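What follows is a short report on a single structure.
Throughout, residue positions are numbered sequentially from 1 according to the sequence presented. Remember, predicted model here, so these are calculated numbers, not experimental data.
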Amino acid sequence: MRRWVFCSVKAFEMEIIPADRVVARIGEILILTCNTTGCALPKFSWRTQMDYPLGGKVYNNKTYSTLTMNPVSAENSNDYLCTVICNKEKKEKSVKVELYSFPSNPVIETSTSLVVGETTTVICKIHDVFPSEHLELLLKKDEYILHSKTFEGDVSTKTETKAVAYSFNLTTEDNGKEITCVARLQIDSMDFEPKERSTSLKLNAHFGPQNTFINTFPGNSSMEGHSLKLTCVTESNPPAKVFWRKHLAKENIQHFVKNNVLSIPHAHFTDSGQYICEVINPITNKTEKATMNIVIQAPPKNTSLTVFPSSSVREGESVTISCAAAGVPAVQIILEKKIGDVITALETEDGKYTIDKAQLKDAGKYQCTFTNKFGNRSLDVELDVKVPPQNITVLVYPSENVKEGENITIMCSTYSNPPSQMILRKVNQEKKIILPAINGTFMLYNVTKNDTGRYLLDVFNEVGNNVKVIEIAVVGKLEKPDQIMPLIIAFSCVAAVAVPVVAILIYVSRKAKINGSYSLVKALRLKV
């Protein structure tokens with residue numbers, strides 16, 4: 001019995017992997033594989049539907065063939081056809097290659113210097129995009145959309161860089177806000193991720209300085225000896241450089257300065273004044289200043305009592321007494337004149353008291369008292385008013401007409417400051433005799449007819465002098481007992497010698513007051 005054995009033979013078939021459609025990212029490697037079954041020695045060939053270059057390498061290996069694109073480029077966006085011939089039987093299949101490129105996040109570019117008040121341009125760029133006709137770019141500030149743009153109608157055959165720009169006027173409020181660039185590649189027919197990319201950048205807006213002021217602790221008015229801190233506050237980006245100075249101060253501030261704080265550890269009255277804080281932004285090159293008046297409270301300081309032109313003046317001259325002081329709170333000034341226990345308050349103008357024509361009654365002690373709520377201080381000065389001799393009164397006793405042998409007393413009184421000196425001399429006398437005064441009194445003893453004549457009474461001090469004329473007439477003789485004549489003669493002799501000697505001494509003394517010194521030799525040369 002014969003048995004028949006039947007062998008099943010597979011039919012000739014082919015397939016492409018991936019089948020029908022493939023989505024690939026430009027820059028990657030894409031391999032298309034054409035497989036066959038039921039054919040021992042198939043013949044493979046690859047081509048594009050529009051007969052564009054393959055843009056890849058073909059490798060045949062018995063029952064399959066591969067087309068490798070390394071890397072995939074925009075030119076590979078085609079329909080690829082694989083043809084297989086087996087024993088004169090021909091089969092074909094195609095696969096559509098769809099490409100995209102969205103490799104990196106967008107990049108944000110801004111103006112070189114972001115300065116408040118100036119126009120700033122923000123640019124959003126996305127590199128190596130394909131196909132760009134599906135691209136949308138958005139620029140946002142925080143959540144607010146500044147600008148958006150689509151590129152519909154752009155026919156791209158290769159990867160491109162696309163950008164969108166937006167310009168706006170930068171404000172202080174923009175500092176720290178976030179600029180976001182969003183790129184979307186929306187291709188509904190393609191399944192890839194991500195389809196949206198974004199990049200954010202915080203705005204570093206350069207501004208200021210502005211709204212600058214000085215803050216003081218504990219306040220702008222402080223007691224002497226206490227500490228004080230001045231802080232310069234300003235709005236600036238980047239932080240401003242701070243410089244401190246004191247108005248009208250020639251020297252630099254010697255206090256401790258750290259950053260924007262000026263510290264005065266032990267305030268002194270001289271620290272009072274206007275302080276200036278100057279701030280400079282190195283980027284914007286703008287400056288701004290703030291001032292603060294500092295008052296250091298203290299008892300009366302720098303007190304002075306002056307007399308112009310001098311504390312010693314001549315009668316009739318003008319003299320001004322000035323009281324001056326510094327201190328905070330303001331100092332009250334009281335000027336008083338003191339003579340013994342009598343105190344007279346004087347009315348001043350800006351601390352000054354003027355005597356238009358000084359009199360002797362104006363001489364005395366003047367006292368300035370400086371007072372505020374933190375203390376008081378007094379200063380005094382002696383005012384000396386110099387007066388030349390005046391109101392001279394001369395009394396001759398017993399009379400200007402006497403007899404020989406009598407004594408004559410001449411008494412003189414005057415008004416002056418400093419006290420006056422007095423001398424008496426006879427006019428046209430061969431022997432110059434100068435008689436001194438004792439307490440304003442001159443004595444002529446045992447006069448003779450030779451004593452008859454004109455006498456000059458010179459009254460003087462350092463300010464001036466006054467001269468009085470006295471006429472003396474000696475007539476007849478005084479009758480006296482004989483027993484007393486020798487005594488009178490003896491006394492007259494003594495007087496005749498003593499009086500000239502005393503007169504010489506007085507004259508020399510007067511010369512010394514005028515010249516500041518005298519010579520004994522000169523004194524001896526005087527005629528007696």
Side-chain angles (χ1 to χ4, degrees), residues 11-107 125-137 149-163 183-197:
F12 169 48
E13 297 292 342
M14 68 166 293
E15 65 176 350
I16 291 182
I17 301 173
D20 300 328
R21 177 174 172 268
V22 60
V23 175
R25 183 170 69 84
I26 292 175
E28 293 182 340
I29 299 174
L30 176 63
I31 300 174
L32 302 178
T33 302
C34 188
N35 280 328
T36 63
T37 57
C39 183
L41 295 171
K43 292 182 178 179
F44 297 94
S45 66
W46 292 88
R47 65 183 177 87
T48 62
Q49 192 170 16
M50 301 298 295
D51 290 328
Y52 290 129
L54 289 177
K57 292 184 178 181
V58 176
Y59 176 75
N60 297 323
N61 184 11
K62 294 184 179 180
T63 59
Y64 69 91
S65 176
T66 61
L67 174 59
T68 301
M69 304 166 210
N70 184 17
V72 174
S73 66
E75 290 78 8
N76 295 127
S77 181
N78 286 301
D79 288 328
Y80 285 87
L81 185 67
C82 178
T83 302
V84 183
I85 299 175
C86 184
N87 298 325
K88 298 183 179 181
E89 185 178 355
K90 179 180 177 181
K91 290 184 179 289
E92 291 182 329
K93 282 193 176 182
S94 65
V95 58
K96 185 176 183 62
V97 175
E98 296 181 353
L99 302 178
Y100 76 94
S101 179
F102 202 42
S104 59
N105 292 334
V107 176
K125 290 182 179 180
I126 185 78
H127 297 285
D128 300 324
V129 177
F130 183 86
S132 59
E133 59 264 29
H134 293 279
L135 179 67
E136 180 185 15
L137 288 177
K149 184 177 181 180
T150 59
F151 298 87
E152 293 179 5
D154 286 7
V155 177
S156 56
T157 58
K158 59 182 179 179
T159 58
E160 296 177 297
T161 295
K162 295 293 184 180
R184 295 171 181 160
L185 192 62
Q186 297 290 352
I187 307 174
D188 295 336
S189 60
M190 291 188 187
D191 185 17
F192 63 88
E193 291 293 340
K195 291 187 176 182
E196 180 177 305
R197 291 180 178 273

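With rounding to the nearest 0.5 angstrom, the CZ atom of Arg47 is 10.5 Å from the CG atom of Asp79. A distance of 10.0 Å separates CZ of Phe130 from CG of Leu185, quoted to the nearest 0.5 Å. Rounded to the nearest 0.5 Å, atoms CG (Leu67) and CG (Leu81) are 11.5 Å apart. To the nearest 0.5 Å, the span separating OG1 on Thr36 from NZ on Lys43 amounts to 13.5 Å. Rounding to the nearest 0.5 angstrom, the gap separating the CG atom in Leu137 from the NZ atom in Lys149 is 8.5 Å. Between Phe12 atom CZ and Lys90 atom NZ the span is 11.5 Å, to the nearest 0.5 Å.
With sequence neighbours left out, the side chain to side chain donor-acceptor pair (under 3.5 Å) criterion links His127 to Thr161. Residues forming a side chain to side chain contact (heavy atoms under 4.5 Å, CB included) with Glu98 (at least two apart in sequence, or on another chain): Arg21, Val23, Lys96, Ser189, Met190. The salt bridge (Lys or Arg N to Asp or Glu O under 4.0 Å) check on Glu136 picks up Arg184, with sequence neighbours excluded. Pro71 meets the side chain to side chain contact (heavy atoms under 4.5 Å, CB included) test with no other residue; sequence neighbours excluded. Taking Thr68 as the reference, Ile29, Ile31, Thr66, Asn70 meet the side chain to side chain contact (heavy atoms under 4.5 Å, CB included) condition, with sequence neighbours excluded. By the salt bridge (Lys or Arg N to Asp or Glu O under 4.0 Å) test, Lys162 pairs with Asp154, Glu160, sequence neighbours left out. Among residues two or more places apart in sequence or in another chain, the side chain to side chain donor-acceptor pair (under 3.5 Å) test is passed with Ser73 by Glu75, Asn76. With sequence neighbours left out, Pro103 forms a side chain to side chain contact (heavy atoms under 4.5 Å, CB included) with Arg25, Ser101, Asp128.
With a 4.5 Å cut-off on side-chain heavy atoms, Ile187 and Pro131 count as touching. The closest side-chain heavy-atom distance from Ile85 to Phe44 is not below 4.5 Å.
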Any chance you could lay out the side chain to side chain contact (heavy atoms under 4.5 Å, CB included) test for Leu32 and Trp46, step after step, and finish with the verdict?
CA-CA 10 Å; Leu32 302 178; Trp46 292 88; 3.9 Å; yes
Would Val22 and Val95 count as a side chain to side chain contact (heavy atoms under 4.5 Å, CB included) here? Give the steps.
CA-CA 7 Å; Val22 60; Val95 58; 4.3 Å; yes
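Few gaps surround NZ on Lys195; more than 12 heavy atoms of other groups in view lie less than 6.0 Å from it.
Among residues at least two apart or in separate chains, ring pair (Phe, Tyr, Trp, His ring centres under 6.0 Å) pairs with a member in residues 69-101 are Tyr100-Phe192. Within the structure, the salt bridge (Lys or Arg N to Asp or Glu O under 4.0 Å) test picks out the following pairs touching residues 80-89 (sequence neighbours left out): Glu89-Lys91. Screening residues 19-80 for disulfide (SG to SG under 2.5 Å) gives Cys34-Cys82, Cys39-Cys86 as the qualifying pairs, with residues at least two apart or on separate chains.
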Solution key, residues 48-63 side-chain donor-acceptor pairs under 3.5 Å, sequence neighbours excluded:
from, atom 1, to, atom 2, distance (Å)
Thr48, OG1, Asp51, N, 3.0
Thr48, OG1, Tyr52, N, 2.4
Thr48, OG1, Tyr52, O, 2.9
Asn60, OD1, Ser65, OG, 2.4
Asn61, ND2, Tyr64, OH, 2.8

